[in-house]
Amino acid sequence: MATDDWPIESDGSNTLVIFGASGDLTRRKLVPALCSLFCKGSLPENLGILGVARSDLNDQQYRAMLRDSLDEEIARPTPEQWADFSSRVHYLHGDITSSDDLLQVRSKLLDMETGDRATNRLYYLSLAPSLYQPAIAVLGETGMADDTEGWRRLVVEKPFGTDLASARSLNEIAHSVFREDQVFRIDHYLGKETVQNLLVFRFANAIFEPIWNRNYIDHVQITVAETLKIDERGEYYDQTGVLRDMFQNHLLQLLTLVAMEPPHAFEAEALRNEKVKVLSAIRRIHPEDVALHAIPGQYRTYRDEGGVAPESDTATYAAVRLYVDNWRWQGVPFYLRSGKALRSKSTEIIIQFRNPPHMLFPLDEDEDIPANTLAIFVQPDEGFHLEFQTKTPEAGLQMRKAELEFHYHEAFSGQAIPDAYERLLLDALNGDASLFTRADEIEQAWSIVDPIIAGFGRPDAPRPYYYSEGSWGPVEADRFMSTDGRAWLQGGRAR
């Protein structure tokens, strides 16, 4: 179970080693999150931080670089707090793929580690994905995975592979050096407070679970929309596309939390077992049938971006219909969509319930009573929004919509929601894998997405449909929904 309480072994020496320590992720996310945790008093007194990267810096230069990059919305240290926090931060120039350099890292760690108890280490691979396999191999060759003197854990950022075959290969390399319980595959979406609150919402409130099934739910929509274009990531993104970038991880993770059965306890293996069951029950789409179940899109100026092939058919948008073939969800479509350069940045889950089986109240011929909807806002306005029907006063049986709303910023008096990396870093240090993905979970997700990617690449497949920046995607995605007699919703409302 996720907890802020530190384990017994924290009485020894604890070191967080960040490989790729001068990179963007470390500067924008990891160090601000660690600094924020330190300012809150959530880090143990004996935690040291060692950054390792190819940049030629000393401790003072590295600390200055980190201070300049702090996001004041995440970490607001006083000068005294920063001085205390930064004194824990050290830097070593080194190449993660070099055994000789890793032996220097090991020597530096021995100098840093104190105490007569365990010497615990968390290795964080803040690296390009192409370096994961050689980095893990060298950690094994140099004996840095040996946990006889204290625990050793490995954090790997997404993407974990580029397809099922590469994910399996990476899992094999990881398991040749570390046990599965030592490997923490991070998807920062699972660290978001609202994502975690979805589990509380479902399983701590008795009123929802009895209707959380095919008898009462018509369909589910999951949207991850981004306003940004690919900017300077053209070469990388053109080889990746929206399915690898967003569907295989974020969207399928959200789907599992919506669709999973109640675990017997909120602990890592029970939670992840139920998520894997959902992924294994998702109906696979054959490549030749992808056009019936998915719509690719591309924003109009994508091919003008630097690093993008002039005739690229890489999808920057996709809408996909999936089915979970089990007793709870049989026949209920799950509509997933994500895209770049859309109208607004938002992540939300819409649960649309079925219409009443028989309408007792008189309606005009062209009048329709909208179904109840539950909107779960993951970002930016985190909260929940439930719509239902009520009677209009002094108007006979005329009905109108009413709403029940909960928003974090209102309920907690403007208290800032912690960044997802704060939660995940604490859990990794505590050895709690509840919010991290397991090897079989990664492979199941790729087995769902790979056939869709293959289908988009078939010679007879439709080319990505163009959409204008600032829109909600190609009009073909709207037609895709209307063919099913449904429409895309924002905040539970038709757009």
Side-chain angles (χ1 to χ4, degrees), residues 2-53 55-94 104-124 126 150-153 155 186 188 191 415-432:
T3 177
D4 291 340
D5 296 331
W6 282 91
I8 294 174
E9 64 261 34
S10 68
D11 291 337
S13 176
N14 297 279
T15 308
L16 169 59
V17 186
I18 303 175
F19 294 105
S22 61
D24 184 61
L25 175 66
T26 302
R27 290 183 285 110
R28 284 193 309 109
K29 292 295 185 180
L30 301 185
V31 169
L34 289 165
C35 185
S36 178
L37 289 168
F38 174 80
C39 293
K40 297 173 184 177
S42 298
L43 292 181
E45 287 297 323
N46 56 5
L47 177 69
I49 300 169
L50 175 62
V52 180
S55 302
D56 190 8
L57 302 168
N58 58 35
D59 283 1
Q60 290 71 29
Q61 291 170 325
Y62 184 60
R63 292 166 185 168
M65 181 188 75
L66 296 180
R67 183 66 184 91
D68 292 341
S69 67
L70 277 187
D71 183 344
E72 296 300 329
E73 294 301 314
I74 298 175
R76 303 181 182 88
T78 65
E80 294 77 15
Q81 288 173 325
W82 174 253
D84 195 356
F85 172 76
S86 62
S87 68
R88 302 161 176 256
V89 179
H90 302 273
Y91 182 83
L92 189 66
H93 170 261
Q104 293 185 41
V105 172
R106 189 174 70 175
S107 178
K108 176 70 173 179
L109 288 170
L110 292 174
D111 291 339
M112 291 174 58
E113 291 165 343
T114 59
D116 56 3
R117 295 200 181 188
T119 55
N120 308 308
R121 298 174 190 166
L122 179 67
Y123 303 126
Y124 200 116
S126 180
W151 54 253
R152 301 289 184 268
R153 297 177 188 138
V155 178
I186 192 169
H188 72 274
Q415 177 181 342
I417 296 177
D419 182 76
Y421 278 94
E422 294 185 33
R423 171 77 272 160
L424 295 171
L425 283 166
L426 278 180
D427 285 355
L429 287 163
N430 276 319
D432 183 350

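By convention here, the first residue in the shown sequence is residue 1. If you're wondering where the values come from, they're calculated on a predicted model, not measured in any experiment.
For the salt bridge (charged side-chain N to carboxylate O under 4.0 Å, His left out) condition, the pairs that include at least one residue of residues 81-93, sequence neighbours left out, are Glu45-Arg88. Pairs engaging residues 56-65 under the side chain to side chain donor-acceptor pair (under 3.5 Å) rule: Asp59-His90 [sequence neighbours left out]. Here salt bridge (charged side-chain N to carboxylate O under 4.0 Å, His left out) pairs that include residues 31-43, with residues two or more places apart or in two chains, are Lys40-Glu422.
With contacts defined as side-chain heavy-atom distances shorter than 4.5 Å, the pair Leu429/Asn14 does not qualify. Residues Cys39 and Phe85 fail the side-chain proximity criterion, which asks for heavy atoms closer than 4.5 Å.
Taken from CG in Asp111 to NZ in Lys108, the straight-line distance is 6.5 Å, to the nearest 0.5 Å. Taking CG of Leu122 as the reference point, atom CD1 of Ile49 lies at 10.5 Å (rounded to 0.5 Å). A distance of 12.0 Å separates CG in Leu16 from CZ in Arg153, rounded to the nearest 0.5 Å. Distance OG/Ser42 to CG/Leu34: 11.0 Å, rounded to 0.5 Å.
Take Phe19 and apply the ring pair (Phe, Tyr, Trp, His ring centres under 6.0 Å) test, not counting sequence neighbours, and it matches no residue. In this view, Asp24 and Arg27, Arg28 satisfy the side-chain contact (heavy atoms from CB on, under 4.5 Å) rule, not counting sequence neighbours. Looking at residues two or more places apart in sequence or on another chain, you find a side-chain contact (heavy atoms from CB on, under 4.5 Å) between Ser126 and Ile18, Leu25, Thr26, Leu30, Tyr124.
Closest non-hydrogen pair, His188 versus Ala420, comes out as O-CB, 3.2 Å. Between Val52 and Gly94 the shortest heavy-atom distance is CG1-O, 4.0 Å. Contact record, Tyr123 with Arg152: OH-CD, 3.7 Å, taken as the closest heavy-atom pair. In terms of heavy-atom proximity, Thr15 sits nearest to Leu109 at CG2-CD2, 3.5 Å.
At distances below 3.5 Å, not a single donor-acceptor pair connects side-chain atoms of Tyr91 with backbone N or O atoms of Ser22. Between the side chain of Asn120 and the main chain of Trp151, a donor-acceptor pair closer than 3.5 Å is present. The backbone N or O of Gly191 lies less than 3.5 Å from no partner atom in the side chain of Tyr421, so there is not a single donor-acceptor pair.
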